[in-house]
There are 2 protein chains.
Amino acid sequence: MNATDKIADSFSDAEARIARTRRRLPKFSVQHTTLARLSRHINKLSQERANLALRPFALNMVSYNTLMMLYGTEGHRLSPSQLADASGEKRTNITRICDELCAKGLVERVAGVDDRRSVVVSLSSSGLALIEQLQPVMTQLLGDLYGDFTIAELQELQRLLRKQVARLDRSLRAASSEPAT
Amino acid sequence: MNATDKIADSFSDAEARIARTRRRLPKFSVQHTTLARLSRHINKLSQERANLALRPFALNMVSYNTLMMLYGTEGHRLSPSQLADASGEKRTNITRICDELCAKGLVERVAGVDDRRSVVVSLSSSGLALIEQLQPVMTQLLGDLYGDFTIAELQELQRLLRKQVARLDRSLRAASSEPAT
DNA sequence: AATCAATAGTTCAGTTGTGAATTATTCATA
DNA sequence: TATGAATAATTCACAACTGAACTATTGATT
């Protein structure tokens, strides 16, 4: 493990420890652990990379993603709960993110009409303009990140990831309906 | 989109917005965006699921992972920098995590011998015992999360994820050697 | 119609993670 | 040998996220 290897692969330090762990814990699942670690590692790196591209626009992956969920909705409006579901962020985090986007003039909040408990969050014209300005930037970034894959590989990766989501949904449902341990 | 669909797939709200976005931004890459969002979604759910399993042991995924990197190292000891590399956490976060693990008596810190700037972090006997106690729990959890995949699928997923890491390494290297935008 | 359960969005307190700055130490260079 | 550059670990201030609690509102049940 020298500097050349380190440059070649940001995952190799983790990998060495996983391999060695197997020698001591015979039932340790190297394959599963490796996948879990790779997945997490990719997310850290991806977020870091995306945030670099978004920083000049005073956004990060989470705020961009939130804007895009509004953009992809009929009328560019959603309740905070719907926004949470679409973006994958927790509701309380959506409150914080919307506070920030509101302060930047990128979204607007109004009281819900049909349900007085609710709020409606919508894209402002500045928000809309920013998204369209960002489009080439993000298209290029994603092209960069996924550029080594063939079409077939992209499709296979998507199939596998969807399978994983379905399993996770089930696992979380099962785990949260269990009695407390 | 009704309650039944929601139960079936935690990703469908995001998916609908991605699809609709394409209609408005013709160059928008649905495939790449979907993959990026799936990947992030899986990580959120996985972390949530793992933390549920680890909570009874007063640990979470990050602290467990840190312990495991020590466990998988000859002599169960690493400098904080090496630990950061192995775990994928930033150095300052390693300081915080080690503070916590030290307070729990799971790791010990001593001054480095060869280099007076450095520290050596090692697993305590309690830390070692806890890892071995956790082994069946984590093996079962990972078996649960990856249980729907065939061996061939696991291997293909690993191949694809490694390809992605290699690309990300290159992309981040390129991005950080560019002049500031 | 009254009562209770569930819900929307937010607040609040705490947890988790990060980058810049710092100080002592080590390494590289002339 | 002296000087300057690079580095290890940490501190510090801040960013980002979370779960419990809360209040007003809506939905379900009797």
Side-chain angles (χ1 to χ4, degrees), chain A residues 3 6 40-41 43-45 47-52 54-55 58-66 77-104 107-121 172 176 180, chain B residues 3 6 40-41 43-45 47-52 54-55 58-66 77-104 107-121 172 176 180:
Chain A
K6 168 58 80 52
R40 183 178 170 85
H41 190 55
N43 266 276
K44 281 215 165 224
L45 296 183
Q47 181 151 327
E48 197 175 324
R49 181 66 191 83
N51 289 345
L52 276 181
L54 290 166
R55 185 164 299 135
L59 292 179
N60 61 31
M61 259 311 297
V62 172
S63 47
Y64 169 75
N65 184 38
T66 303
R77 70 186 53 196
L78 283 165
S79 73
S81 298
Q82 291 168 326
L83 195 44
D85 291 338
S87 65
E89 300 302 322
K90 299 290 170 92
R91 286 184 199 183
T92 49
N93 208 25
I94 287 292
T95 300
R96 182 186 64 77
I97 294 159
C98 288
D99 287 348
E100 182 188 307
L101 294 173
C102 240
K104 285 173 173 148
V107 303
E108 286 153 351
R109 272 185 180 111
V110 295
V113 172
D114 296 330
D115 181 342
R116 290 181 33 202
R117 295 172 299 186
S118 75
V119 166
V120 174
V121 179
L172 279 165
S176 42
Chain B
K6 166 60 77 49
R40 182 177 172 86
H41 191 55
N43 267 277
K44 280 215 164 222
L45 296 183
Q47 182 152 328
E48 198 174 322
R49 182 65 190 84
N51 288 346
L52 277 181
L54 290 166
R55 186 164 300 136
L59 292 179
N60 61 32
M61 259 310 297
V62 171
S63 46
Y64 169 74
N65 185 37
T66 303
R77 67 187 54 199
L78 283 164
S79 72
S81 298
Q82 291 168 325
L83 194 45
D85 291 338
S87 66
E89 300 302 323
K90 300 288 170 95
R91 286 184 198 181
T92 50
N93 208 26
I94 287 291
T95 301
R96 184 184 63 79
I97 295 160
C98 287
D99 286 348
E100 183 189 307
L101 294 173
C102 241
K104 285 172 173 149
V107 304
E108 286 153 351
R109 273 184 178 111
V110 295
V113 173
D114 297 330
D115 180 339
R116 285 177 42 199
R117 294 173 298 184
S118 74
V119 166
V120 174
V121 179
L172 279 164
S176 43

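The chains referred to below are lettered A, B, ... by the order of the sequence lines, with proteins before strands, and numbering in each begins at 1. For the numbers below, each heavy atom of this structure counts, side chains included, while hydrogens, waters and symmetry mates do not. The shown structure was predicted, so the numbers you read here are calculated from the model rather than taken from an experiment.
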Hey, could you give me the CZ/SG distance between A/Arg109 and A/Cys102, rounded to the nearest 0.5 Å?
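Rounded to the nearest 0.5 Å, the CZ-SG separation comes out at 5.0 Å.
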Measure the spacing between CD1 of A/Ile94 and OG of A/Ser79 and express it to the nearest 0.5 Å.
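Here the interatomic distance stands at 10.0 Å.
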Would you mind reading off the distance between [X] atom [atom1] and [N] atom [atom2], rounded to a whole angstrom?
| X | N | atom1 | atom2 | value |
| --- | --- | --- | --- | --- |
| B/Asp99 | C/dG17 | CG | C1' | 14 Å |
| A/Lys90 | C/dT10 | NZ | P | 17 Å |
| A/Ile94 | D/dT18 | CD1 | P | 10 Å |
| B/Asn43 | D/dT18 | CG | P | 13 Å |
| A/Glu48 | C/dT18 | CD | C1' | 10 Å |
| A/Ile97 | D/dA15 | CD1 | C1' | 12 Å |
| B/Leu52 | D/dT18 | CG | C1' | 13 Å |
| A/Arg91 | D/dA16 | CZ | C1' | 20 Å |

Output yes when at least one side-chain N/O atom of [X] is less than 4.0 Å from OP1 or OP2 of [N], else no.
| X | N | result |
| --- | --- | --- |
| A/Asn60 | D/dA16 | yes |
| B/Lys44 | D/dT18 | yes |
| B/Asn93 | C/dT16 | no |
| B/Arg96 | D/dT11 | no |

At under 4.0 Å between heavy atoms, how does the protein contact nucleotides 21-27 of chain C? Give one character per nucleotide, 5' to 3', with B, S or -.
---BBS-
Take B/Leu172 and A/Leu52 through the side chain to side chain contact (heavy atoms under 4.5 Å, CB included) test and state the conclusion after the steps.
CA-CA 9 Å; B/Leu172 279 164; A/Leu52 276 181; 4.2 Å; yes
Mind checking A/Ser118 for me? I need base, sugar-phosphate or nothing, with any heavy atom below 4.0 Å counting as a touch.
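Contact class for A/Ser118: sugar-phosphate only.
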At 4.0 Å (heavy atoms only), tell me whether A/Ser81 reaches a base, stays on the sugar-phosphate, or touches nothing.
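Answer is sugar-phosphate: A/Ser81 comes under 4.0 Å of backbone atoms only.
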Within the side chain of B/Asn51, is there an N or O that forms a donor-acceptor pair under 3.5 Å with the backbone of B/Met61?
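Checking the backbone N and O of B/Met61 against the side chain of B/Asn51, a donor-acceptor pair under 3.5 Å is found.
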If every non-hydrogen atom of [X] is compared with every non-hydrogen atom of [Y], which pair is closest and at what distance?
| X | Y | result |
| --- | --- | --- |
| B/Ser87 | B/Thr66 | CB-OG1, 4.5 Å |
| A/Ser63 | A/Ile97 | CA-CG2, 4.4 Å |
| B/Cys98 | B/Val107 | O-CG2, 4.0 Å |
| A/Lys44 | B/Gly88 | CD-O, 3.4 Å |

Both A/Pro80 and B/Glu89 contact DNA chain C. Taking the nearest nucleotide for each, which residue is further toward the 5' end?
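Here A/Pro80 is the residue nearer the 5' end.
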Using the closest heavy atom to pick a nucleotide of DNA chain C for each, name whichever of A/Val120 or A/Arg55 lands nearer the 5' end.
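Its nearest nucleotide being more 5', the pick is A/Val120.
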Considering the terminal five base pairs at each end of the helix from C/dA1-D/dT30 to C/dA30-D/dT1, what angle separates the two local helix axes, rounded to 10°?
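Computed angle between terminal axes is 30°.
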Salt bridge check, A/Glu89 against B/Arg40: does any charged N sit closer than 4.0 Å to a carboxylate O?
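Yes.
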Which residues share a side chain to side chain contact (heavy atoms under 4.5 Å, CB included) with B/Ser118, sequence neighbours left out
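B/Ser118 satisfies side chain to side chain contact (heavy atoms under 4.5 Å, CB included) with B/Asp115 once adjacent residues are dropped.
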